[in-house]
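Worksheet for the structure shown next.
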Amino acid sequence: MSPQPRRAIIRDAISVGVAVGAYGLSFGALGTTSGLTVLQTQVLSLLLFSGASQFAVVSIVGAGGNPASAWASSALLGMRNGLYALRLSPLLAVRGWRRPIAAHLTIDESTAMALANDDESDPTHRGARTGFWATGLSVFGFWNAATLIGAVAGSHISDPRVFGLDAAIPAGFAALVAPRLTTSLTRGLALVCGVVAASVSPWTRPGVPVLIAALIALAAAVRFGEPVPPATAQATP
């Protein structure tokens, strides 16, 4: 790969990282206003590093839900990354100590950038590899830096309702989902999951409606199979 295309990919990767970092500010603030410490919130971003899964944990714990429900919902939402890994494995051909790092960086944005820059005529898939690593590292850096800033700021807010942060978690989920509703199938699935979650929420504990909706989405993914995110998606990791 010549230097010019490589620079273009890296420039796009940094742009994606900056855009995603904005969501990290919200997550950091919501984490500490939901009862987590700054350290706990930061560890979630460092080790879990999956935006939808992190928001699920914070929303369920903040609502007084069972931690088991929080982690079960988080795990189900994060299972899509495993589907991405199946698609990326032959392109990246990662070996040795880099494998766990690649697995940690396998998110929506890094997958989309890898696939968007893959040149089928290049047997080494250098464009895909550059897109994956540049985007994964960019998002990881900006997301975690923004989480820390948001968490420190949120720890100084005594009542999150004063700033409307009590409504920010559902708004954050809406922002995560909206860019992915590009087909009639995904829009219909989102509607079904929302109706089911709203219907069961009066009779279930916090976190259970999210878990049920995640199971429905997982079953649909297995049945209809849409593992690869749109290349233009600009949501959280």
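Position 1 is the first residue of the sequence, and the numbers go up from there.
The neighbour count for Arg187 CZ, taken as heavy atoms of other residues, nucleotides or ligands under 6.0 Å away, is above 12.
Remark: Asn117 CG to Thr135 OG1 distance equals 7.5 Å, nearest 0.5 Å.
Under the 3.5 Å distance criterion, the side-chain polar atoms of Ser201 are matched with a main-chain donor or acceptor of Ala198. At distances below 3.5 Å, not a single donor-acceptor pair connects side-chain atoms of Ser34 with backbone N or O atoms of Gly31. Here the side chain of Ser59 pairs a donor or acceptor atom with the backbone of Ala56 at under 3.5 angstrom. Proximity of a side-chain donor or acceptor of Asn144 to a complementary backbone N or O of Phe140 within less than 3.5 Å is detected. Using a distance-only test at 3.5 Å, with no hydrogens or angles considered, no donor-acceptor pair links the side chain of Ser89 to the main chain of Ala85. Side chain of Ser53 to main chain of Ser74: a donor-acceptor pair is present (N/O by atom type, distance under 3.5 Å, no hydrogens or angles). Listed for the Thr106 side chain is a donor-acceptor partner under 3.5 Å among the backbone atoms of Ala102. Judged by distance alone, with hydrogens and angles left aside, the side-chain atoms of Ser138 form a donor-acceptor pair with the main-chain N or O of Ala13 at under 3.5 Å. No donor-acceptor distance shorter than 3.5 angstrom exists from the side chain of Ser45 to the backbone of Gln42, with no hydrogens or angles considered. Remark: side-chain polar atoms of Ser15 are paired, donor with acceptor, to backbone N or O of Arg11 under 3.5 angstrom.
Using a 4.5 Å cut-off on side-chain heavy atoms (C-beta onward), Leu44 and Phe27 make contact. A 4.5 Å side-chain heavy-atom check between Phe142 and Ile14 finds at least one atom pair inside the cut-off. Within the 4.5 Å cutoff, the side chain of Arg87 has no heavy atoms near those of the Thr111 side chain. A heavy-atom distance below 4.5 Å is not found between the side chains of Val58 and Gln54. Residues Ile107 and Val20 form no side-chain contact, since every pair of their non-hydrogen atoms from C-beta on lies 4.5 Å or further apart. Side-chain contact between Leu30 and Thr41 is absent, with no heavy atoms from C-beta onward closer than 4.5 Å.
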